[in-house]
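Heads up: the structure comes next, in structure tokens.
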Amino acid sequence: MAREARYLKAKAHTELGEKDLAFEEFQKLKVNPSSPEGAEARYRVADILFQRNNIDKSEEEIFDFVNVGTPHQYWIARCFLLLADIYEKRGELFQARQYIESLLENYKETDDDIRDRANKRLKELEKAQSE
């Protein structure tokens with residue numbers, strides 16, 4: 001119950017644009033990535049770090065999450081999309097593309113938005129590569 005309350009608090013801070021407060025709450029939630037809230041918190045921490053332009057730390061968070069693992073594959077997939085953003089920001093478009101293509105190849109779920117997100121990002125990368 002406490003985890004769910006902290007999660008709702010973190011989401012409220014996010015909705016209100018209070019990213020520092022949301023970050024603090026997500027940091028506390030991320031310790032248990034086997035829970036849905038903890039898995040999402042792992043992604044949210046990495047995303048906030050990316051938004052703060054701390055891409056090396058964001059990448060570390062993602063790899064740590066992948067190594068720890070979770071039964072909530074949606075959030076791992078979101079992390080791989082974020083990893084593609086990190087590589088794109090570094091100018092490593094080939095690497096970014098590889099992560100997205102691998103995700104499309106290996107992600108089996110069809111009832112969420114991961115495939116749509118990945119296909120959209122792939123088109124954006126193709127456009128960036130052709131410019």
Side-chain angles (χ1 to χ4, degrees):
M1 195 176 252
R3 181 181 67 233
E4 290 175 20
R6 185 173 305 282
Y7 174 77
L8 291 173
K9 186 176 177 184
K11 294 293 274 188
H13 285 307
T14 300
E15 292 296 317
L16 293 169
E18 300 167 339
K19 290 189 184 207
D20 290 340
L21 295 172
F23 184 78
E24 289 175 26
E25 296 300 327
F26 285 129
Q27 283 281 62
K28 294 171 187 170
L29 283 166
K30 79 176 193 174
V31 297
N32 182 8
S34 62
S35 73
E37 299 87 0
E40 182 177 348
R42 284 284 183 138
Y43 165 77
R44 299 287 176 202
V45 166
D47 187 48
I48 291 169
L49 289 167
F50 178 79
Q51 291 173 28
R52 290 178 176 171
N53 207 30
N54 193 344
I55 59 175
D56 291 338
K57 187 68 177 154
S58 178
E59 182 182 35
E60 284 177 31
E61 285 287 337
I62 291 168
F63 286 131
D64 184 57
F65 182 29
V66 170
N67 288 333
V68 169
T70 183
H72 306 284
Q73 294 305 298
Y74 176 84
W75 294 110
I76 293 283
R78 289 288 301 268
C79 279
F80 279 120
L81 291 171
L82 181 57
L83 198 54
D85 292 342
I86 289 169
Y87 284 111
E88 181 181 16
K89 191 166 191 160
R90 290 180 177 154
E92 299 175 34
L93 301 182
F94 177 79
Q95 193 74 353
R97 183 183 178 102
Q98 290 300 306
Y99 273 102
I100 294 171
E101 288 177 348
S102 178
L103 180 61
L104 284 168
E105 222 173 273
N106 296 301
Y107 191 72
K108 303 302 179 202
E109 296 297 320
T110 57
D111 61 345
D112 58 30
D113 63 349
I114 293 298
R115 290 195 166 285
D116 290 339
R117 287 174 181 270
N119 283 318
K120 180 181 177 195
R121 288 294 293 121
L122 195 56
K123 286 178 186 171
E124 292 168 354
L125 275 174
E126 288 169 353
K127 184 179 177 186
Q129 285 179 311
S130 69
E131 293 176 350

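- Annotation: cation-pi pair K89/F50 present, NZ/CZ under 6.0 Å from the ring centroid and within 45° of its normal.
- A118 and L103 get closest at one heavy-atom pair: CB-CD2, 4.4 Å.
- Here the straight-line distance linking atom CG of L125 with atom NZ of K123 works out to 13.0 Å at 0.5 Å rounding.
- Nearest heavy-atom pair, V68 versus P33, reported as atom, atom and distance to 0.1 Å: CG1-CG, 3.6 Å.
- Using a 4.5 Å cut-off on side-chain heavy atoms (C-beta onward), L104 and R115 make contact.
- Heavy-atom contacts from other residues, nucleotides or ligands closer than 6.0 Å to NZ of K19 number 12 or fewer.
- Counting only heavy atoms from C-beta outward, the side chains of V45 and Q27 approach each other to under 4.5 Å.
- With rounding to the nearest 0.5 Å, the separation of NZ in K120 from CG in D113 is 10.5 Å.
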Subject >> Criterion side-chain contact (heavy atoms from CB on, under 4.5 Å) on E61 and K30, from CA distance to verdict >> reply: CA-CA 10 Å; E61 285 287 337; K30 79 176 193 174; 2.8 Å; yes

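- Salt bridge absent: E88 and R97 never bring a charged side-chain N and a carboxylate O closer than 4.0 Å.
- A donor-acceptor pair shorter than 3.5 Å can be found between the side chains of E40 and Y7.
- At a threshold of 4.5 Å between non-hydrogen side-chain atoms, the residues L81 and Y99 do not count as touching.
- A 4.5 Å side-chain heavy-atom check between R44 and K11 finds at least one atom pair inside the cut-off.
- Judged as a ring pair (Phe, Tyr, Trp, His ring centres under 6.0 Å), and not counting sequence neighbours, F26 has no contacts.
- Closest non-hydrogen pair, K28 versus V31, comes out as O-CG2, 3.3 Å.
- The pair R6-E37 does not count as a salt bridge, with every side-chain nitrogen at least 4.0 angstrom from each carboxylate oxygen.
- At least one donor-acceptor pair closer than 3.5 Å links the side chain of T14 to the backbone N or O of A10.
- Contact check for H13 versus E25: side-chain heavy atoms found under the 4.5 Å cut-off.
- The two residues V66 and I76 come nearest to each other via the heavy atoms CA-CD1, 4.1 Å.
- Under a 4.0 Å N-O distance rule, the pair E124/R121 qualifies as a salt bridge.
- With hydrophobic clusters built from ILVMFWY side chains whose heavy atoms lie under 4.5 angstrom apart, F23 does not share a cluster with L21.
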Original post:
Run the side-chain contact (heavy atoms from CB on, under 4.5 Å) check on R3 and L29 step by step: do they pass?
Top reply: CA-CA 7 Å; R3 181 181 67 233; L29 283 166; 3.6 Å; yes

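- Under the 4.0 Å criterion applied to side-chain N and carboxylate O atoms, E60 and K57 are assigned as salt-bridge partners.
- R78 and Y74 form a side-chain donor-acceptor contact under 3.5 Å, judged by distance and modelled atom types alone.
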Subject >> salt bridge (Lys or Arg N to Asp or Glu O under 4.0 Å) between R52 and D47, worked out >> reply: CA-CA 9 Å; R52 290 178 176 171; D47 187 48; over 6 Å; no

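- A salt bridge links E59 with R90: at least one charged nitrogen is closer than 4.0 Å to a carboxylate oxygen.
- The two atoms that bring I86 and S58 nearest to each other are CD1-OG, 3.5 Å, heavy atoms only.
- What you find for A46 and I62 is that their closest heavy atoms are CB-CG1, 3.8 Å.
- To the nearest 0.5 angstrom, W75 atom CH2 is 14.0 Å from R42 atom CZ.
- In this structure, the side chain of N67 engages the main chain of F63 through a donor-acceptor pair within 3.5 Å.
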